[in-house]
Asker: 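The following block contains the structure, expressed as structure tokens.
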Protein chains: 2
Amino acid sequence: MALGINGNGSQYLRVGDLARLTGKTVRAIHLYEELGLLEPATRSSGGFRLYHPAAVDRVRWIDLLSGLGISLHETRDVLDRWWKSDHGPEAMAELRELFNTKLEETRENIRRQQELERELVDGLAYLETCRVCGEPGTVDCCVHCTQDHGVGREPALVAGFKGTRDGARRTPRPALVHVEEHRSD
Amino acid sequence: MALGINGNGSQYLRVGDLARLTGKTVRAIHLYEELGLLEPATRSSGGFRLYHPAAVDRVRWIDLLSGLGISLHETRDVLDRWWKSDHGPEAMAELRELFNTKLEETRENIRRQQELERELVDGLAYLETCRVCGEPGTVDCCVHCTQDHGVGREPALVAGFKGTRDGARRTPRPALVHVEEHRSD
DNA sequence: CCATACCCTTACGCAAGGGTGAGAGTTCAA
DNA sequence: TTGAACTCTCACCCTTGCGTAAGGGTATGG
């Protein structure tokens with residue numbers, strides 16, 4: 001005899017229903033409430049949280065923001081400022097400011113990630129050249145590898161591997177140095 | 001009469017020296033040791049950590065990686081695998097794999113951040129149109145704003161603000177609907 | 001020999017976003 | 001009326017990269 005979504009004939013959702021409909025856990029929804037992001041529309045006589053169906057959209061919106069790297073606290077702060085402002089244009093201005101700040105942050109993040117991308121690509125290119133190094137045997141040989149890898153310099157990401165746990169070079173460059181001297185001779 | 005860097009005439013650095021030279025804190029260096037990223041070359045008779053000067057490079061490398069979004073644990077894992085591998089090409093292959101994984105992750109991050117960038121730009125464009133909305137008075141008016149903002153649809157980031165704490169629309173759209181009907185009349 | 005700067009270990013705290021109980025009460029259908 | 005499924009409120013656990021003591025020992029110049 002299910003009339004409502006959860007078969008209780010109510011227009012309201014219980015946390016479990018809200019959780020299922022949004023793909024979040026009950027705990028997560030409780031957390032959103034603790035943080036002031038979402039409140040139940042009312043409570044049942046027994047104390048159960050009862051949510052307005054539109055709460056689904058709210059939860060999805062929260063999820064969207066956090067998925068995009070905006071923290072729950074940030075989201076709450078901006079919601080609070082929005083709610084407590086009674087002057088429309090003023091609130092809109094605050095929102096604009098927030099978005100602008102976030103935009104700068106985001107662009108900075110993109111820059112850094114692209115830098116990492118370049119480093120990784122360079123590192124991979126370098127490692128590709130190791131493949132044609134033949135069969136150097138042990139990692140020690142790689143560590144002391146003095147071959148020209150066709151890449152100008154050892155990429156910073158790769159260079160860090162060349163040391164022991166105490167930061168020193170694995171050995172004080174034993175015989176292989178002579179090999180190089182032979183070569184450059 | 002200082003002979004060494006720290007005036008103790010030793011070839012070694014103490015943790016404070018290493019910290020100063022790398023711009024990290026002593027605590028951070030201790031942490032790197034706890035995580036197995038870096039060990040002192042030896043200890044003084046009194047128990048002070050003594051580092052090889054090359055440890056500076058190691059710390060800078062760790063800093064580079066973490067600054068680029070690679071966690072200390074990840075760094076340690078890859079270092080461990082590198083160290084325990086005794087076959088060069090094999091270790092290089094693992095490294096390539098790691099870099100490839102990281103590269104995919106990074107590109108995914110860039111995609112998401114760019115998505116956020118677009119959302120923010122759209123949101124800002126939308127909010128700009130609010131500026132010419134005149135003086136709507138309270139936020140309630142903005143919430144019920146039915147004006148065509150020139151942007152196709154309300155950006156998702158902005159839409160989330162249109163609700164009360166329980167997720168419902170601020171009011172069940174009271175008189176303003178009629179106003180709109182007047183308009184579109 | 002002493003002052004001062006430095007270092008040791010141990011261990012708790014923060015922020016973020018929940019996970020995972022425990023122990024008790026509520027709803028709902030059979 | 002009962003049993004299953006659900007929910008309630010604490011409240012502590014986890015990760016990551018350190019910060020910040022607390023309580024004590026070490027190194028070194030004067």
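By convention in this document, chain letters (A, B, ...) are assigned in the order of the sequence lines, proteins followed by strands, and residues within each chain are numbered from 1.
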Asker: Answer yes or no: does a side-chain N or O of B:Ser44 lie under 4.0 Å from OP1 or OP2 of D:dA27?
Answerer: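 Checking B:Ser44 against D:dA27: at least one side-chain N or O falls below 4.0 Å of OP1 or OP2.
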Asker: State, yes or no, whether a side-chain contact exists between A:Leu38 and A:Tyr51 at a heavy-atom distance under 4.5 Å.
Answerer: yes
Asker: More than 12 heavy atoms of other residues, nucleotides or ligands under 6.0 Å from CD of A:Glu115: yes or no?
Answerer: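 More than 12 within 6.0 Å, yes.
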Asker: Of all the choices, D:dA27, C:dC8, C:dG18, which nucleotide is nearest to the side chain of B:Ser45 once you look at every atom?
Answerer: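 For the B:Ser45 side chain, the nearest candidate turns out to be D:dA27.
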Asker: Heavy atoms from C-beta onward define the side chain here; which of C:dC8, D:dT9, D:dG19 lies closest to that of B:Thr25?
Answerer: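 Given the options C:dC8, D:dT9, D:dG19, the side chain of B:Thr25 is closest to D:dG19.
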Asker: Can you tell me how far P of D:dC18 sits from CG of B:Leu37, to the nearest Å?
Answerer: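 My rounded result for the distance is 11 Å.
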Asker: For a quick test of reading the model, state the closest non-hydrogen atom pair linking B:Leu13 to B:His52 and the distance between them.
Answerer: CD1-O, 4.3 Å
Asker: Of the nucleotides D:dG17, D:dC18, C:dG18, which has the atom closest to the B:Ala28 side chain?
Answerer: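 Of the candidates, D:dC18 comes closest.
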Asker: When the side chains of residues 27-37 of chain B are checked against the rest of the protein, which donor-acceptor pairs come out under 3.5 Å, sequence neighbours left out?
Answerer:
residue	atom	partner	partner atom	Å
B:Arg27	NH1	B:Glu34	OE2	3.2
B:His30	NE2	B:Arg49	NH1	3.4
B:Glu33	OE1	B:Arg49	NE	2.7

Asker: Of all of residues 105-112 of chain B, which get a heavy atom below 4.0 angstrom from DNA chain C, listed by number?
Answerer: none
Asker: Is the closest basic N to carboxylate O distance between B:Glu108 and B:Arg111 below 4.0 Å?
Answerer: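 Yes, this pair counts.
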Asker: Distance from B:Ile70 atom CD1 to B:Asp77 atom CG, nearest 0.5 Å?
Answerer: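 Rounded to the nearest 0.5 Å, the CD1-CG separation comes to 12.0 Å.
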Asker: Separation of B:Arg76 atom CZ from D:dT15 atom C1', in whole Å?
Answerer: 13 Å
Asker: Rounding to an integer number of Å, can you tell me how far A:Phe48 CZ sits from C:dC28 P?
Answerer: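 My rounded result for the distance is 8 Å.
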Asker: What is the distance from atom CZ of A:Arg112 to atom CD1 of A:Ile110, rounded to the nearest 0.5 Å?
Answerer: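 The CD1 atom of A:Ile110 is 12.5 Å from CZ of A:Arg112, to the nearest 0.5 Å.
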Asker: By nearest atom, which of the nucleotides C:dG17, C:dT27, D:dG17 is closest to the A:Leu72 side chain?
Answerer: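 Closest of the options to the side chain of A:Leu72: C:dG17.
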Asker: Looking only at non-hydrogen atoms, find the nearest pair between B:Val26 and B:Gly16 and report the distance.
Answerer: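 That would be CG2-CA, 4.1 Å.
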Asker: Check the interface with nucleotides 20-22 of chain D: list each N/O to N/O pair with the protein under 3.5 Å, or write none.
Answerer:
residue	atom	partner	partner atom	Å
D:dT20	O4	B:Arg27	NE	3.3

Asker: Which whole-number value in Å describes the distance from B:Arg49 CZ to C:dT9 C1'?
Answerer: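 Going from CZ in B:Arg49 over to C1' in C:dT9 covers 9 Å.
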Asker: Is the phosphate of D:dC18 approached by B:Tyr32 (side-chain N or O, under 4.0 Å from OP1 or OP2)?
Answerer: yes
Asker: Counting side-chain heavy atoms from CB outward, which of C:dG19, C:dC8, C:dA16 is closest to B:Arg43?
Answerer: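 Selected nucleotide (nearest to the side chain): C:dC8.
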Asker: Tell me which of B:Gly46 and B:Asp63 sits closer to the 5' end of DNA chain D, going by the nucleotide each one is nearest to.
Answerer: B:Asp63
Asker: Quick one: closest heavy-atom pair of A:Leu64 and B:Ala156, and the distance?
Answerer: CD2-CB, 3.7 Å
Asker: Using whole Å, what does the distance between atom C1' of nucleotide D:dG19 and atom NE2 of B:His30 come to?
Answerer: 14 Å
Asker: Rounded to whole Å, how long is the line connecting atom CZ of A:Arg14 with atom P of C:dT26?
Answerer: 13 Å
Asker: Quickly work out the A:Asp17 CG to D:dA5 P distance and round it to whole Å.
Answerer: 16 Å
Asker: Checking contacts here: which listed nucleotide (C:dA16, C:dG18, D:dT16) is nearest the side-chain heavy atoms of B:His73?
Answerer: D:dT16
Asker: Taking the side chain of A:Val15 as its heavy atoms from C-beta onward, which of D:dC8, D:dC18, C:dG17 lies nearest to it?
Answerer: D:dC8
Asker: How close do B:Trp61 and A:Leu157 get, heavy atom to heavy atom, and via which atoms?
Answerer: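 Heavy atoms of B:Trp61 and A:Leu157 come nearest at NE1-O, 3.2 Å.
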Asker: Calculate the interatomic distance between A:Ile29 atom CD1 and C:dG19 atom P; express it in whole Å.
Answerer: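 Atom-to-atom, A:Ile29 to C:dG19, this comes out as 11 Å.
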Asker: On DNA chain C, compare the nucleotides closest to B:Val26 and B:Glu34; which residue's is nearer the 5' end?
Answerer: B:Val26
